[in-house]
Amino acid sequence: MADMDAFRDEIARWAAGGAGDTAAELAAGLGLRTAVLLEGPSDLAAVQALAAREDRDLTAEGVAVVSMGGAMSVGRYAGLLGPPGLGLRLTGLCDAREEPFYVRGWQRAGAARDFHVCVADLEDEMIRALGPARVEEVIRSEDELRPWQTFLAQPAQHGRPREQQLRRFLSTKKGRKIRYGALLVEALDGGRPPAPLADLLAGL
């Protein structure tokens, strides 16, 4: 795990303008064949949680799951990790509104289109897969019932669909979306994950 963390750190440095020699050495040492490009750390947490649920060791399978810090970085990461750079097969997951960035990133990298699109975002997909009541149970189990009730009392939330309220709540505190990225996957309790996430893992 430490080597994969080191690889992700080196890729981030490379994407920020550093040298790519160490990243290339780590990729070779890990035997990487595929890079999964994700918009942010909450998506990373969800993918890792689903892989663990399925008893899969993605690192051992030669798969690097990478959080890019935003979809606008996808062109840079696709170039570094894909055919123009390390030569890894590219796949990924994105929000519907960010799909054009992914399309252009894959095209510039000369990679075959192979990524999965969430209707709104992965949190929206998970909330619909679980149902609002189950998500509220997870919130309660995390001892966040009072913050949730306080959030619902805000005028801006009155009359909004419960799914939208839940999705917004997950983004209201730093680190909450990342934590729930894994928790909501674990709450599936053997149920099928949302199609974009399930299809991503199935294709690795």
Between CH2 of W14 and CG of L86, what distance do you get to the nearest 0.5 Å? 4.0 Å

Would you call D199 and R192 a salt bridge, using N to O less than 4.0 angstrom? yes

More than 12 heavy atoms of other residues, nucleotides or ligands under 6.0 Å from CG of D57: yes or no? yes

CG of L166 to CD of Q157, rounded to nearest 0.5 Å, is 10.0 Å

Per the side-chain hydrogen bond (donor to acceptor under 3.5 Å, both in side chains) rule, which among E123, E144, E186, E142 passes with Y180? E144

Compare every heavy atom of A111 with every heavy atom of P83, then report the nearest pair and how far apart it is. CD-CB, 4.1 Å

Here the gap from R53 atom CZ to L188 atom CG, rounded to the nearest 0.5 Å, amounts to 5.0 Å

Looking only at heavy atoms, the pair that brings L93 and P196 closest together is CD1-CB, 3.7 Å

Tell me whether L183 shares a hydrophobic cluster with W148, the cluster being built from Ile, Leu, Val, Met, Phe, Trp, Tyr side chains joined at under 4.5 Å. yes

Is there side-chain contact between V185 and M126, with heavy atoms separated by less than 4.5 Å? yes

What's the spacing between T150 OG1 and L145 CG if we round to 0.5 Å? 9.0 Å

Only one of K177, R167, R128, R168 passes salt bridge (Lys or Arg N to Asp or Glu O under 4.0 Å) with D121, and that residue is R167

Verify same cluster id: L200, L130 (apolar side-chain graph, 4.5 Å): yes

Please test L38 against L122 for side chain to side chain contact (heavy atoms under 4.5 Å, CB included), starting from the C-alpha separation and ending with a verdict. CA-CA 11 Å; L38 304 174; L122 187 52; over 6 Å; no

For R134, is there an ion pair with E137 - N to carboxylate O distance below 4.0 angstrom? yes

Tell me if a side-chain donor or acceptor on H116 pairs with a main-chain N or O of G92 at a distance below 3.5 Å. no

Looking only at non-hydrogen atoms, find the nearest pair between G75 and R108 and report the distance. CA-NH2, 3.6 Å

Step-by-step side chain to side chain contact (heavy atoms under 4.5 Å, CB included) determination, F115 to L37: CA-CA 9 Å; F115 57 84; L37 302 185; over 6 Å; no

Note: L201 and R56 closest approach over all heavy atoms is O-NH1, 2.7 Å

Indicate yes or no for a side-chain donor-acceptor contact from E163 to the backbone of D124 under 3.5 Å, with no hydrogens or angles considered. no

What distance separates D114 CG from Y102 OH, expressed to the nearest 0.5 Å? 12.0 Å

A71 and F101: which non-hydrogen atoms are nearest, and at how many Å? O-CB, 3.7 Å

Spacing of CD belonging to E10 relative to CG belonging to D3, to within rounding of 0.5 Å: 11.5 Å

Side chain proximity check, L152 to R162, heavy atoms < 4.5 angstrom: yes

Check for me whether R176 meets the cation-pi criterion with F169, that is, NZ or CZ under 6.0 Å from the six-membered ring centre and within 45 degrees of the ring axis. yes

Less than 4.5 Å apart, any side-chain heavy atom of K173 and any of P147? no

Does R8 form a side chain to side chain contact (heavy atoms under 4.5 Å, CB included) with L44? I'd like the steps, not just the answer. CA-CA 12 Å; R8 291 191 186 106; L44 176 61; 4.2 Å; yes

Can you get from L90 to V117 by hopping between Ile, Leu, Val, Met, Phe, Trp and Tyr side chains that sit under 4.5 Å apart? yes

Do Y77 and L30 belong to the same hydrophobic cluster, where Ile, Leu, Val, Met, Phe, Trp and Tyr are linked whenever their side-chain heavy atoms lie under 4.5 Å apart, directly or via other members? yes

Looking only at heavy atoms, the pair that brings A109 and A78 closest together is CB-O, 3.6 Å

Side chain R33, main chain G62, donor-acceptor under 3.5 Å: no

Is there a side chain to side chain contact (heavy atoms under 4.5 Å, CB included) between L197 and V47? Walk through the geometry before answering. CA-CA 7 Å; L197 187 57; V47 170; 3.7 Å; yes

Passing candidate, side-chain contact (heavy atoms from CB on, under 4.5 Å) with M4, options L58, L32, V65: L32

Answer yes if V103 and V119 sit in the same cluster of Ile, Leu, Val, Met, Phe, Trp and Tyr residues linked by side chain heavy atoms under 4.5 Å apart, and no otherwise. no

